[in-house]
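What follows is one structure encoded as structure tokens, with my remarks underneath.
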Amino acid sequence: MKTIHLIAAGLLALLVSLPSPAFAVCPAVLADVQAPDGTACSLPSGKDIAKAGKKKGKHRDKKKRGDKNASAVASPVPQRLSPEQQRRYDYFYLEAARLKTLRKYDAAFAMIEHCLAMDSCAASALYEMAQFRVYLKQMPQAVSALERAVLYAPDNYWYAQALANLYLQQKQTEKVTALLEDMAGRFPDKLDPLYSLLELYNRAEDYDRVIDILDRLEVRTGKSEQLTMEKFRIYLRKEDNKRAFKEIKSLVAEYPMDLRYQVVLGDAYLQNGKDDEAYAIYRKVLAQEPDNAMAIYSLASYYQETGQQELYRQQMDTLLLNKKVPSETKLQVMRQVIAENERAGADSTQIIRLFDRIMAQDPDDAEIPMLYAQYLQAKNMAEESVPILEKILDIDPTNTAARITLLGQAVRNEDYEAVIRICEAGVEATPEVLEFYFYLAIAYNQAGRNADVISTCQLALGRAVGDSRKELVSDFYTIMGDACYAEGRDEDAFIAYESALTYNASNVGALNNYAYYLSLERRDLDKAEEMSYKTIKAEPGNATYLDTYAWILFEKGNYTEARIYIDDAMANGGEESADVVEHCGDIYFMTGDVDGALKRWKQARDMGSESSTLDEKISQKKYIPYDNKKENAENAAAGDGK
């Protein structure tokens with residue numbers, strides 16, 4: 001036997017594969033390993049355990065098992081331990097449990113070995129030993145230990161269940177079947193053995209025994225639709241149609257007032273080619289209960305099955321336009337109608353007209369309109385879905401799915417007034433949904449409502465809880481920092497950016513804006529450069545981030561390097577921004593390229609740059625330093641900031 005190496009992670013997986021037995025021992029849990037008489041007890045090492053494993057057959061297993069290949073275990077009659085012996089056993093068993101908790105599995109193994117040396121018939125120790133043997137992939141020894149545990153503790157359900165699972169893993173079908181049959185008799189309050197037998201007999205296509213198990217389950221749990229339909233299915237497989245339909249008829253007889261079972265019988269007839277019998281039952285049920293949704297739907301299925309398409313459509317209308325039919329049923333039916341329409345390649349206008357009729361018939365229902373809106377979205381009719389979504393929110397303002405769908409459409413349309421309207425109502429109706437605060441803050445920012453941006457972010461951060469996404473919290477601080485800077489609250493802005501980076505150190509938006517605004521203040525430029533460099537490493541093709549990095553290098557006097565990055569910015573879309581183009585001119589001038597600088601300054605002017613020094617740069621043909629803080633704060637307030 002190889003030296004035993006018990007790896008913690010592997011054994012933890014093992015411990016959840018077998019149920020823990022109930023075991024009562026003395027309550028004392030000793031911190032140190034001591035013998036019951038108070039003397040120190042030396043714990044064996046891993047090598048000792050390996051040696052013990054090698055010697056196990058010499059003094060115990062051979063004498064008890066006899067033939068080591070035998071599947072059944074011939075064990076001695078358990079002897080009753082004296083009170084002192086039982087106390088010692090309990091102590092070592094409890095010590096093993098403590099050591100397992102501390103993940104000292106080699107020592108725990110030794111304690112279980114010691115328990116078995118004291119009482120080789122102890123079911124609790126045998127069960128624990130089986131767990132170790134399974135982990136060590138010593139399956140014959142594991143099976144043997146569990147078999148003995150079951151033999152000595154026949155009333156312990158969990159030991160037997162563990163052995164059954166082990167037999168299943170080893171594909172010992174005959175043994176597991178015999179054990180489960182025994183368990184079904186010994187534990188009449190447990191249904192799992194019967195259900196396991198049901199699966200085994202079904203796999204073996206032993207239908208007589210399947211019927212027997214179903215009968216036994218029926219005795220214990222009472223007659224049910226599930227069991228009856230399973231028996232019906234099995235009888236059909238046996239080609240015993242007479243008994244098959246007799247089973248469902250017995251269900252109807254058992255519950256004569258429940259019309260649902262009569263419909264089930266009709267469905268069984270329909271599925272097995274007995275169309276006339278099915279039709280008669282459906283008509284009988286509807287005569288008693290005209291609004292029975294199940295019977296209406298089944299009758300529609302009958303018309304479809306028998307090729308009466310016009311009657312099928314009429315029956316479906318009867319179902320879908322009936323106020324007494326539950327909304328859940330209508331949803332299921334509409335999904336089926338949509339699927340059939342798609343398979344047939346039919347015109348979607350038929351589905352749309354049907355939705356409109358259902359909504360007109362039941363204007364207070366929000367479930368069908370939601371499916372309608374989803375259908376329109378799937379058909380690329382997003383604009384047509386807007387009034388449907390608005391109607392849903394009129395009925396149920398807390399319908400987050402509808403509001404988010406409507407919000408998405410407003411964002412795609414860049415309709416920020418609509419975003420504000422949708423999100424303000426969303427914050428009021430569902431204040432726990434942080435996404436509404438997020439888009440509301442962005443829309444306020446677009447509208448230049450910086451004070452509202454700040455207050456919205458503060459409300460959202462007050463709502464954020466421990467399990468909120470850190471990335472979202474970081475974004476709120478970033479948006480708040482931008483608004484604070486635009487309001488001239490520089491220090492508040494920088495505090496907000498620091499908070500944003502605390503929650504998400506990789507937030508490139510916060511890194512870029514923080515770095516850029518520090519450069520405008522001409523402060524902490526080394527820190528600004530470090531933050532900005534992270535953004536261009538993360539997104540090397542982002543013109544905004546390249547411009548920021550170039551401008552920081554410019555402010556630090558690294559003009560040659562700044563030109564490299566401003567050229568990259570221009571090549572990656574920077575020519576569309578007047579600020580980037582003007583920065584390009586400034587950097588070109590400081591590298592001695594006066595003509596290039598003039599060209600870029602004029603280009604920026606033509607693009608509508610509001611720089612107060614731009615005209616002076618062009619007329620004097622030189623770079624004019626400007627008050628970065630004042631001018632760029634004005635740009636940020638106007639929505640031109642980073």
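Here the structure is a predicted model, which is why all the values come from computation and not from measurement.
- Taking the side chain as every heavy atom from C-beta outward, F187 and P193 never approach each other to under 4.5 Å.
- Of the charged side-chain nitrogens involved, at least one lies within less than 4.0 Å of a carboxylate oxygen, so that E128 and K100 count as a salt-bridged pair.
- With respect to E247 and K242, no salt bridge is recorded, no charged nitrogen being found less than 4.0 Å from a carboxylate O.
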- Could you walk me through whether E340 and Q304 pass the side chain to side chain donor-acceptor pair (under 3.5 Å) check? CA-CA 12 Å; E340 290 173 355; Q304 185 181 40; 3.3 Å; yes
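- Taking 4.5 Å as the limit, every side-chain heavy atom of Y235 sits out of range of all side-chain heavy atoms of E230.
- For K274, the side chain to side chain contact (heavy atoms under 4.5 Å, CB included) test picks out F245, Y269, E277, with sequence neighbours left out.
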- Message: Checking R216 against E181 for the salt bridge (charged side-chain N to carboxylate O under 4.0 Å, His left out) test, could you report, in this order, the C-alpha distance in whole Å, the side-chain angles of both residues, the deciding distance, and whether it holds?
- Response: CA-CA 12 Å; R216 290 157 68 182; E181 287 284 8; 3.2 Å; yes
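- For residues 251-261, the pairs satisfying salt bridge (Lys or Arg N to Asp or Glu O under 4.0 Å) are E225-R260, D258-R260, with sequence neighbours left out.
- The shortest non-hydrogen separation linking L179 to A164 is CD2-N, 3.5 Å.
- Between the R220 side chain and the K190 main chain, a donor and an acceptor come within less than 3.5 Å of each other.
- Heavy-atom minimum distance, A300 versus M316: CB-SD, 3.8 Å.
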- Could you check S250 against K223 for side chain to side chain contact (heavy atoms under 4.5 Å, CB included), going step by step and ending with a plain yes or no? CA-CA 9 Å; S250 69; K223 205 162 191 66; 2.9 Å; yes
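- Among the candidates L151, I112, L116, the single residue satisfying the side chain to side chain contact (heavy atoms under 4.5 Å, CB included) test with L126 is L116.
- Side-chain contact check for Q141 and R133: no donor-acceptor pair (N or O, by modelled atom type) lies under 3.5 Å.
- The closest side-chain donor-acceptor pair between Q85 and S82 falls under 3.5 angstrom.
- Counting only residues at least two apart or in different chains, salt bridge (Lys or Arg N to Asp or Glu O under 4.0 Å) contacts with residues 290-302 comprise D291-K324.
- Legend: ring pair (Phe, Tyr, Trp, His ring centres under 6.0 Å) pairs involving residues 274-294, not counting sequence neighbours, sorted by first then second residue: Y279-Y302.
- Note that CD1 of I392 and CG of D396 are 9.0 Å apart. Values are rounded to the nearest 0.5 Å.
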- Query: Where do V337 and L354 land on the side chain to side chain contact (heavy atoms under 4.5 Å, CB included) test, with the steps shown first?
  - Reply: CA-CA 10 Å; V337 170; L354 185 54; 4.3 Å; yes
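- Taken from OH in Y372 to CG in L376, the straight-line distance is 5.0 Å, to the nearest 0.5 Å.
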- Item | Worked check of salt bridge (charged side-chain N to carboxylate O under 4.0 Å, His left out) between R313 and D317 | CA-CA 6 Å; R313 283 189 288 272; D317 285 354; over 6 Å; no
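- When side chains are defined from C-beta on, F355 counts as touching I338, because their heavy atoms get closer than 4.5 Å.
- At distances below 3.5 Å, not a single donor-acceptor pair connects side-chain atoms of R403 with backbone N or O atoms of T398.
- The pair R209-D212 does not meet the salt-bridge criterion, since no charged nitrogen lies less than 4.0 angstrom from a carboxylate oxygen.
- L200 has its side chain within reach of L168: a pair of non-hydrogen atoms, C-beta onward, lies under 4.5 Å apart.
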- Message: Applying side chain to side chain contact (heavy atoms under 4.5 Å, CB included) to Y93 and M111, what does each step give before you reach the verdict?
- Response: CA-CA 7 Å; Y93 185 90; M111 292 295 101; over 6 Å; no
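- Ring geometry, Y261 versus Y255: the interplanar angle falls from 30° to 60°, so the pair is classed tilted.
- A side-chain donor-acceptor contact under 3.5 Å links Y157 and Q161.
- Checked by atom type, the side-chain pair D90/Q86 shows a donor-acceptor distance below 3.5 Å.
- The aromatic ring centres of Y303 and Y312 sit 6.0 Å or more apart.
- Here the CG-CD1 distance, from N322 to I296, works out to 5.5 Å after rounding to the nearest 0.5 Å.
- When only modelled atom types and interatomic distance are considered, S224 and Q226 share no side-chain donor-acceptor pair under 3.5 Å.
- Side chains of T306 and D275: a donor-acceptor N/O pair is absent below 3.5 angstrom, by distance only.
- Scanning both residues, V143 and L163, for their nearest heavy atoms gives O-CD1, 4.2 Å.
- Within a 6.0 Å radius of CD in E174, other residues, nucleotides and ligands contribute 12 heavy atoms or fewer.
- Q309 and Q314 share no donor-acceptor pair across their side chains, judged by distance under 3.5 Å alone.
- For A123, the side chain to side chain contact (heavy atoms under 4.5 Å, CB included) partners are A149, Y152, A153, Y159, not counting sequence neighbours.
- Qualifying side chain to side chain contact (heavy atoms under 4.5 Å, CB included) partners for A373, counting only residues two or more places apart in sequence or in other chains: S385, I388, L389.
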- Worked verdict on I368 versus D362 for side chain to side chain contact (heavy atoms under 4.5 Å, CB included): CA-CA 9 Å; I368 289 292; D362 192 358; over 6 Å; no
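- Between V473 and A464, the shortest heavy-atom contact is CG2-CB, 4.0 Å.
- With contacts defined as side-chain heavy-atom distances shorter than 4.5 Å, the pair E147/V150 does not qualify.
- Between V263 and S298 the shortest heavy-atom distance is CG1-OG, 3.4 Å.
- In this structure, the side chains of L319 and K330 stay at 4.5 Å or more apart for every pair of heavy atoms.
- Counting non-hydrogen atoms of neighbouring residues, nucleotides and ligands closer than 6.0 angstrom, the NZ atom of K238 exceeds 12 such neighbours.
- In this structure, V264 and M294 have side chains that are in contact, with non-hydrogen atoms separated by less than 4.5 Å.
- A donor-acceptor pair under 3.5 Å is formed between the side chain of T177 and the backbone N or O of T173.
- At least one side-chain heavy atom of K231 sits less than 4.5 Å from a side-chain heavy atom of E218.
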